[in-house]
Amino acid sequence: MAVAKGNALGKLGKLTELRQRILFVVGALMVFRLGSFIPVPGVNPEAMTNLVNGNGLMDMFNMFSGGALERFSVFALGVIPYISASIVFQMMGAVVPSLQALRKEGEAGKRKMTAYTRYATVLLAGFQSFGIAVALQGQVAAGGAPVVYTPGFGFIFSSVVGLTAGTMFLMWLGEQMTERGIGNGISLLIFAGIVAGLPGAVVHTLGMANNGELSLLMLLVVFGLVLAVTAFVVFVERAQRRITVNYARRSGGQKAYQNQSSSLPLKINMSGVIPPIFASSLLMFPATAVSWFSTGHQSRWLQDLTQSLSPGNPLYEITFSVLVIGFAFFYTAIVFNAEETADNLKRSGALIPGIRPGKATGSYIDAVMTRLTAVGAIYLVLVCLVPSFMQQAWHVPFYFGGTSLLIVVVVVMDFTAQIQAHLVSHQYESLLKKANLRRS
């Protein structure tokens with residue numbers, strides 16, 4: 001009994017760090033949800049809700065912010081300015097020599113790049129909040145009520161300060177979640193914003209089915225669509241292209257060698273959910289700004305552009321697809337270097353059968369990775385757009401678009417994988433202690 005009790009307490013102690021990390025993530029998400037209900041002063045909440053609802057782009061942005069936009073909360077901008085700033089510096093880091101040098105400086109260069117990204121986030125959040133505040137002053141809801149009670153300098157100043165501070169706090173909170181919690185903090189914040197509206201959407205859909213507005217067959221189709229897309233995403237995200245690698249190892253004597261075979265795993269979708277997030281963030285604010293400023297006595301072509309940049313229209317879908325494909329190749333090139341991988345294989349005495357070590361190996365790996373990225377980019381476009389096409393064709397109140405569903409599934413997979421990695425790490429430490437290979 002004493003031994004069993006000691007083993008149980010020992011396992012509980014080993015999982016203390018994991019439990020603390022999970023609790024930190026849960027607490028941070030609670031802070032995020034509470035902050036999304038703190039409004040910026042001076043806005044008519046009912047008029048703001050009526051303005052957001054029914055607008056395709058604003059509805060999408062409101063979903064990503066967890067409903068903070070329709071309440072005009074201090075978190076209304078979400079982490080979109082930070083993501084946009086990260087896009088800019090990642091792209092500049094690939095072409096600007098000074099930033100390329102920073103990327104090669106290791107941890108010190110990474111800290112400088114992070115600082116530059118934060119400064120850019122402040123400027124971008126300030127610019128966007130100023131534009132939103134100025135645009136809202138001239139908006140009138142459907143019932144004729146003004147969105148802003150008292151337009152003027154006071155409202156603009158409080159909006160700029162509140163929204164910019166909210167974005168910077170979310171950026172800091174996401175970084176803390178990454179460092180002290182589990183998973184990528186920014187992705188978890190976006191995940192929480194999307195999932196926050198799911199219970200209400202489910203209740204609304206079931207209410208429509210109960211009232212006869214939605215047939216039972218269509219409800220089953222929606223449920224089956226969600227399961228099918230989820231299963232497809234899980235299958236592709238776990239799929240790998242394994243390149244056989246042979247290692248030559250001396251086993252004794254001057255001419256005795258023994259070959260060991262291994263594999264180099266390459267994911268089909270190396271870029272994850274980054275391309276859809278980047279594409280959505282780039283399309284949201286320009287199109288939303290055009291939508292706000294195209295009212296009143298503006299020219300006809302600006303209003304046509306506004307309509308064309310709304311989800312469901314061909315121009316939006318084509319632009320989104322091109323951006324997703326471009327970012328898939330761009331981000332994969334950033335996170336995976338074929339030449340560096342080939343050099344590492346050569347230094348470790350490994351070679352790919354039939355391929356010369358060095359430059360030829362790098363070219364071969366790069367060609368394989370290019371084909372995989374092309375397949376992964378097409379997969380991202382299909383997952384992001386096909387559910388939206390079905391939603392528009394069947395007029396189904398499907399809360400999740402393809403992009404949202406992809407983000408939710410991939411973030412959950414990454415979160416569970418990191419939890420499993422922590423559990424395996426604890427088990428490995430336990431085995432080392434039992435074998436007396438590490439001092440306690």
Side-chain angles (χ1 to χ4, degrees), residues 17-36 38 64-66 68 73-93 99 102-103 105-129 161-196 271-278 280-282 285 327 331 334-335 407-408 410-419 421-422:
E17 180 186 358
L18 178 61
R19 183 172 62 250
Q20 290 176 347
R21 287 179 175 271
I22 294 176
L23 291 177
F24 185 86
V25 170
V26 173
L29 293 180
M30 291 177 62
V31 171
F32 167 65
R33 291 304 301 154
L34 290 174
S36 65
I38 301 176
F64 275 105
S65 64
S73 158
V74 292
F75 291 165
L77 291 181
V79 292
I80 298 300
Y82 176 72
I83 294 174
S84 302
S86 300
I87 294 173
V88 172
F89 275 95
Q90 285 185 351
M91 295 180 67
M92 292 176 62
L99 295 180
L102 280 179
R103 290 176 57 186
E105 290 182 3
E107 193 64 29
K110 184 178 179 181
R111 285 197 297 267
K112 290 183 180 179
M113 289 287 289
T114 301
Y116 293 155
T117 304
R118 291 171 179 171
Y119 298 147
T121 302
V122 174
L123 295 176
L124 190 57
F127 173 76
Q128 291 177 345
S129 59
V161 173
L163 295 180
T164 303
T167 296
M168 298 308 297
F169 177 78
L170 287 181
M171 181 191 70
W172 174 84
L173 186 64
E175 292 177 350
Q176 295 300 311
M177 292 170 66
T178 302
E179 181 180 352
R180 303 184 182 183
I182 295 178
N184 184 283
I186 300 298
S187 298
L188 286 172
L189 290 176
I190 298 176
F191 164 82
I194 295 173
V195 174
S271 57
V273 298
I274 299 300
I277 293 177
F278 280 7
S280 300
S281 64
L282 285 184
F285 264 104
F327 279 125
Y331 196 76
I334 290 178
V335 299
I407 292 173
V408 169
V410 173
V411 170
V412 170
M413 288 179 61
D414 178 67
F415 185 78
T416 54
Q418 294 206 25
I419 289 180
H422 278 276

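Counting from 1, the numbers follow the sequence of the chain as shown.
- Closest approach of P275 to S271, counting heavy atoms only: CG-OG, 3.3 Å.
- The aromatic rings of F89 and Y116 lie parallel to each other, their planes meeting at an angle below 30°, with 60° marking the opposite boundary.
- Every residue was checked against the side-chain hydrogen bond (donor to acceptor under 3.5 Å, both in side chains) condition with R111, not counting sequence neighbours, and none meets it.
- Here the side chains of F169 and V31 are in contact, with some heavy-atom distance below 4.5 Å.
- With values rounded to the nearest 0.5 angstrom, I83 atom CD1 is found 11.0 Å from L124 atom CG.
- Taking OG1 of T121 as the reference point, atom CG of L170 lies at 11.5 Å (rounded to 0.5 Å).
- When atom types are taken as modelled, the side chain of S73 and the backbone of G35 share a donor-acceptor pair closer than 3.5 angstrom.
- Evaluation of the side-chain hydrogen bond (donor to acceptor under 3.5 Å, both in side chains) rule for S187 yields N184 as partners, not counting sequence neighbours.
- Formation of a donor-acceptor pair under 3.5 Å by the T416 side chain with backbone atoms of M413 is found in this model.
- Checking side-chain atoms of Q418 against main-chain N and O of G183 turns up a donor-acceptor pair under 3.5 Å.
- Considering all non-hydrogen atoms of both residues, G181 and R21 come closest at O-NH1, 2.7 Å.
- Within the 4.5 Å cutoff, side-chain heavy atoms of I182 are placed close to those of L18.
- Between the CD1 atom of I407 and the CD1 atom of I190 there is a distance of 6.0 Å, given to the nearest 0.5 Å.
- In this structure the side chain of E175 reaches within 4.5 angstrom of the side chain of T114, judged on heavy atoms.
- Rounded to the nearest 0.5 Å, atoms CZ (R118) and CE (M168) are 7.5 Å apart.
- For the pair S36 (side chain) and A68 (backbone), a donor-acceptor distance under 3.5 Å is absent.
- In this structure, CD in Q128 is found 8.0 Å from OG1 in T167, a value given to the nearest 0.5 Å.
- With respect to F191, the side-chain contact (heavy atoms from CB on, under 4.5 Å) criterion is satisfied by exactly one of V412, D414, L29, V410: V412.
- Here the CD1 atom belonging to I80 is positioned 10.5 Å from the CZ atom belonging to F278, to the nearest 0.5 angstrom.
- Between F75 and F32, the angle of the ring planes stays under 30°, which puts this pair in the parallel group of the 30/60° scheme.
- At a threshold of 4.5 Å between non-hydrogen side-chain atoms, the residues I22 and I419 count as touching.
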